[in-house]
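Only heavy atoms go into these numbers, but all of them, side chains included; no hydrogens, no water, no symmetry mates. Naming convention: chains lettered A, B, ... in sequence-line order (proteins, then strands); numbering from 1 in each chain.
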Amino acid sequence: MTTSPGKMNEPVVRVQNLAIAYETHSGDVNAVRDVSFEIHRGETLGLVGESGCGKSTVAYGLVNYLGRNGKIVHGEIIFQGESLVGRSPEELRKLRGDQIAMVYQDPMTSLNPVLRVGQQMTEVLTVHRGISVDEARTRCVEMLRRVYMPDPEAVMGRYPHQISGGQQQRVVIAMALLNNPALLVMDEPTTALDVTVEAAVLDLVADLRRDFDTAILFISHNLGVVARVSSRVGVMYAGEMVEQAPVREIFAHPRHPYTQGLMRCVPRLGADKAGSVLYPIRGRVPAPDRLPPGCVFEPRCDYATEHCRQERPALRQISNRHMVSCLRAEHIRASEWQPTEDIIPLMPAADAAEPETILNVDGLRTYYKQSSGSPLDLIGLGKKRYVRAVDGVSFTIPQGKTLGVVGESGCGKSTLIKTLIGLEPMTGGAAQFLGFDLEKKASKRDMGLIRELQMVFQNPDATMNPSYSVGTQIERPLRRFKVVPPNQIHAEVVRLLRAVKLDEHYYDRRPRQLSGGEKQRVGIARAFAGRPDLVLCDEPVSALDVSVQAAVLNLLLEIQREQGTTMIFIAHDLSVVRFFSDYVAVMYLGQIVEIGPAEAIYAPPYHPYTESLLAAVPIPDPSVAQQHIRLEGSVPSPLNPPSGCRFHTRCPRRQLLPDGGAICEREVPPMQDAGDGHQIHCHIPLETLHDLEPVVQIAA
Amino acid sequence: MLVKDYMTRHPILVDTSRRVVEAQRLMAESKVGHLPVVADGKRLLGMVSRAALSLRPEQLEGLSFWDLTDYMARLTVGRVMTPLSDIHTISPSSTLEEAADLMIAGHVTALPVVEEGGVVVGIITQTDLMVELRNLLGAIEPGWRVVLRVPDREGEFRKIMLALATSNWGVMAMGCVRSPRHPGFWDVLVKVRYCEREELVAELKKIAGQEIIDIRETTSYTER
Ligand SMILES: Nc1ncnc2c1ncn2[C@@H]1O[C@H](COP(=O)(O)OP(=O)(O)O)[C@@H](O)[C@H]1O
Ligand code: SF4
Ligand code: SF4
Ligand SMILES: [Mg+2]
């Protein structure tokens, strides 16, 4: 409605010159400095910025939930006309219950693990509002339905751990909405979710804003996510708001060099392959107690001048509704930006000769045995059931190339590479690597094979011994595989450190002294220490900030180019693997449903599952039109996969077939060859798939 | 055209312990004239309005200046609010005309909107009704505003519709009301665009028994 009478009202929340500090033993740390913004009814302000820039501090500061050592130093927070600063904890608690709601990244922080979902939800209404239990239950079921919860009555009877992460987050959102809050603060609410679930939650956030007129503060480090839900966007850097503008404006004309830099760090599904080359921002966010004297972004800025080192720019209006804090904003043309040499990724050269196949996987199966829970198990007579995590996967990779593997969690991506590396026993099929058979478990493999086949993990912490220095961690594979003579080990470690853009000062550091990106670099140095022929990467960048992500991806490319390494690269987001991979495989429930040259995967014909994944990826460009295709529910259990085509329970395209795709339930779909090694497993004829509208339309 | 479409959601609320002076300041700064008074869980207890908060002379009789200041400083919202028993409330699914009717009957200019259980979900004021009236009659786009006076009998409205429909003009607004001071007639307002004044008048004049009592061009209004 264009005539909503709410528009001219005062904002729901107005923050003015807010400064927040944490008291530490070495003095106060000013985590947020002079931040101002307002949010009206029915408006979503997205806050982006790398980790450590103060986004969450702002969110918690709004409701003075800063913990023991946090405090508001100065500034105002006016909520519904009244100041929240200096209110008693009791008043704030009441406000949080009645008018302000918060949703965090981890839904379990808001759920009580020992109470059933229904009980915790109804209590919100019965305890506080004197609504009868029956009426409260009805309302809760309604609200769960409103957040697209499948089978809400059943969910009410479950404990939080009995539902999936995506469903837990929907419960938390539903609970937040039961009180019809005027202000909803969401801190990375979809970061822990799969892209398909994330897409559904983001749709929901957009609906809420419209239907409930809620004012929403939405925090995310993901520019694509922010582009999808926000009406306005604020960019935070090192505790300051450096830019703020309506969503279309800021993505079309970012004015601050930091915002421009962030946008160059993220892959854009809407762009062509060249447009998805990533350029990291050099350096990193300064600690709040080590701020540069002038502009806080100056040490990382390509445009800095002497003036910037002396004067700290204030947030100022540069055009209607667009605010920026850069002294030189008027003179900077983002379109004329050229990457400096140190951040241009060196792409592997295309070689004319067809390289040899290095890995050949044929009908690979990995099943986990699961007991039926019957007492017969105890005496070994129980019926055995199998989780078919990987169920008949075949592919080959030529030397020096990268295969990207995508799919939702639970599709068997990790199990696939754990099997190849020998961490899980192979149930059936075969895999040959450089003539070695990969049947044996890692503990039984010979040293040569172990050396040639290495892995980079999502969470580098898990594989690092906290009591060893960085140098020692990298030395170990060097000694073990006798890569260099013992007297050259130190030099080799330093060489490896430099290769991953850490210098020799890191030799003696402990893991806890490193940032997430630095740890991942050490993990990479270690994996590449033995100069392996094949490196398996399991979501190596998904836990990292966008700027670090770009740097780590480029780093992997460079080392790959130098050493001619072959890679398998797992990602849950199709935009990340695009420029990185030569081939892409899409997995669903233990099987490859589509595989082919990377470019072929991003345009029709595609498998209906690939199409849905592409539609879900949040694109950091609000001008790109993306088809609205949403998958319902989550991946079915691999204990008992659906008959016929395993995707038939969720496929949005089976309607294209006669009888609503009855055949999909009965018959395993054929492999259809689209040429050039591009294979699609689906009953829908290739011509029909070919004529589907592309999911992503680049704006003219 | 229900209350829930035109009300303001998330109204500013106060509780009973709030000082009257603070409530007055809150209303002035937030540019609102009414505040729902609520208990925990946003349950409605009463209303205060700017008008009702101005002191009545009999309350002040016999108070010295200092007494008065002291009295004002201690006065709480709970003491001066109009209690729930004396106010009209409306539900989000009620019609706008019901809201108007309650305001007229109760001599008030605002109504708290409550759900079952007495929880406040919004407020609807005269201004919101005015917005609706303006949109209903004038829409917010420019065009020809015509008022026809038609006899109170079956089939008259249909004639107007037919005349407009055959010409393919856009109808942006419409309203019918019994003609003031002319019993036996209705005044029908239509707002038409994509046509010239002459062709519109010519077409409507063809309708026997009806009279154009006003025609004028209106431009766009301030959007709100
Ligand atoms: N050790 C295990 N025991 C039983 N089931 C497992 C085990 N590891 C993984 N699974 C199951 O195997 C399936 C595939 O998991 P995984 O390989 O981790 O997929 P992805 O990497 O795509 O998240 C899931 O259903 C998961 O629950
Ligand atoms: S003020 Fe100077 S250093 Fe800071 S962002 Fe602008 S150009 Fe860069
Ligand atoms: S075979 Fe049927 S269910 Fe499977 S992807 Fe194709 S259309 Fe969908
Ligand atoms: Mg995994």
Side-chain angles (χ1 to χ4, degrees), chain A residues 1-14 39-43 76 78-83 88 90-91 93-101 123-132 135-136 138-139 142 177-184 208-216, chain B residues 1 3-15 17-18 22-23 25-32 35-36 38-44 92 96 113-136 138-141 220-224:
Chain A
M1 202 174 2
T2 55
T3 53
S4 159
K7 267 193 189 161
M8 298 229 313
N9 287 345
E10 293 291 290
V12 170
V13 66
R14 168 184 291 144
I39 314 176
H40 288 254
R41 288 176 179 73
E43 203 185 32
E76 265 299 1
I78 311 287
F79 172 74
Q80 294 285 52
E82 294 188 89
S83 175
S88 73
E90 173 57 21
E91 279 176 300
R93 190 200 52 74
K94 218 179 98 184
L95 269 179
R96 279 199 296 270
D98 278 351
Q99 301 205 55
I100 304 177
E123 273 179 6
V124 173
L125 295 172
T126 52
V127 172
H128 221 47
R129 299 198 168 183
I131 292 175
S132 75
E135 165 71 17
T138 315
R139 284 209 204 179
E142 229 168 78
L177 293 175
L178 281 175
N179 275 329
N180 186 20
L183 175 65
L184 179 59
L208 297 177
R209 168 158 80 87
R210 191 193 58 216
D211 296 349
F212 294 93
D213 255 350
T214 317
I216 303 176
Chain B
M1 290 184 223
V3 167
K4 65 169 182 242
D5 302 320
Y6 279 83
M7 68 184 187
T8 299
R9 291 169 194 268
H10 314 296
I12 299 178
L13 308 169
V14 285
D15 58 32
S17 62
R18 191 50 52 97
E22 287 173 46
R25 182 190 49 76
L26 185 56
M27 282 190 277
E29 284 179 2
S30 315
K31 307 186 188 77
V32 298
L35 296 174
V38 293
D40 263 13
K42 293 184 277 194
R43 274 180 292 169
L44 187 66
L96 287 179
V113 185
V114 300
E115 278 181 347
E116 324 84 279
V119 174
V120 180
V121 295
I123 189 164
I124 187 155
T125 70
Q126 262 181 359
T127 309
D128 301 322
L129 296 182
M130 291 303 176
V131 170
E132 169 68 354
L133 178 70
R134 181 200 61 189
N135 293 353
L136 198 60
I140 44 176
E141 295 99 326
S220 58
Y221 298 89
T222 47
E223 192 172 329
R224 179 184 181 241

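- Pairing each heavy atom of S30(B) with each of G81(A), the nearest pair is OG-CA, 3.8 Å.
- Of the listed residues (G41(B), A39(B), G118(B), P11(B)), the greatest number of heavy-atom pairs within a distance under 4.5 Å of chain A belongs to G41(B).
- Looking only at side-chain heavy atoms (C-beta outward), N180(A) and E115(B) stay at 4.5 Å or farther from each other.
- Although no hydrogens or angles enter the test, the distance criterion places no donor-acceptor pair under 3.5 Å between the side chain of R9(B) and the main chain of T214(A).
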Subject >> Verdict with reasoning, E10(A) to V32(B), per side-chain contact (heavy atoms from CB on, under 4.5 Å) >> reply: CA-CA 9 Å; E10(A) 293 291 290; V32(B) 298; over 6 Å; no
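- Proximity of Q99(A) to H10(B): side-chain heavy atoms (C-beta onward) are nowhere separated by under 4.5 Å.
- To the nearest 0.5 Å, the span separating CD on E82(A) from CD on E22(B) amounts to 7.0 Å.
- Formation of a donor-acceptor pair under 3.5 Å by the K42(B) side chain with backbone atoms of D98(A) is found in this model.
- Most heavy-atom pairs under 4.5 Å with chain A: of the set R43(B), E132(B), M27(B), this distinction falls to R43(B).
- The part of L26(B) that comes within reach of chain A is its side chain, from C-beta onward, which places non-hydrogen atoms under 4.5 angstrom from that chain.
- Using a 4.5 Å cut-off between heavy atoms, R14(A) makes no contact with chain B at all.
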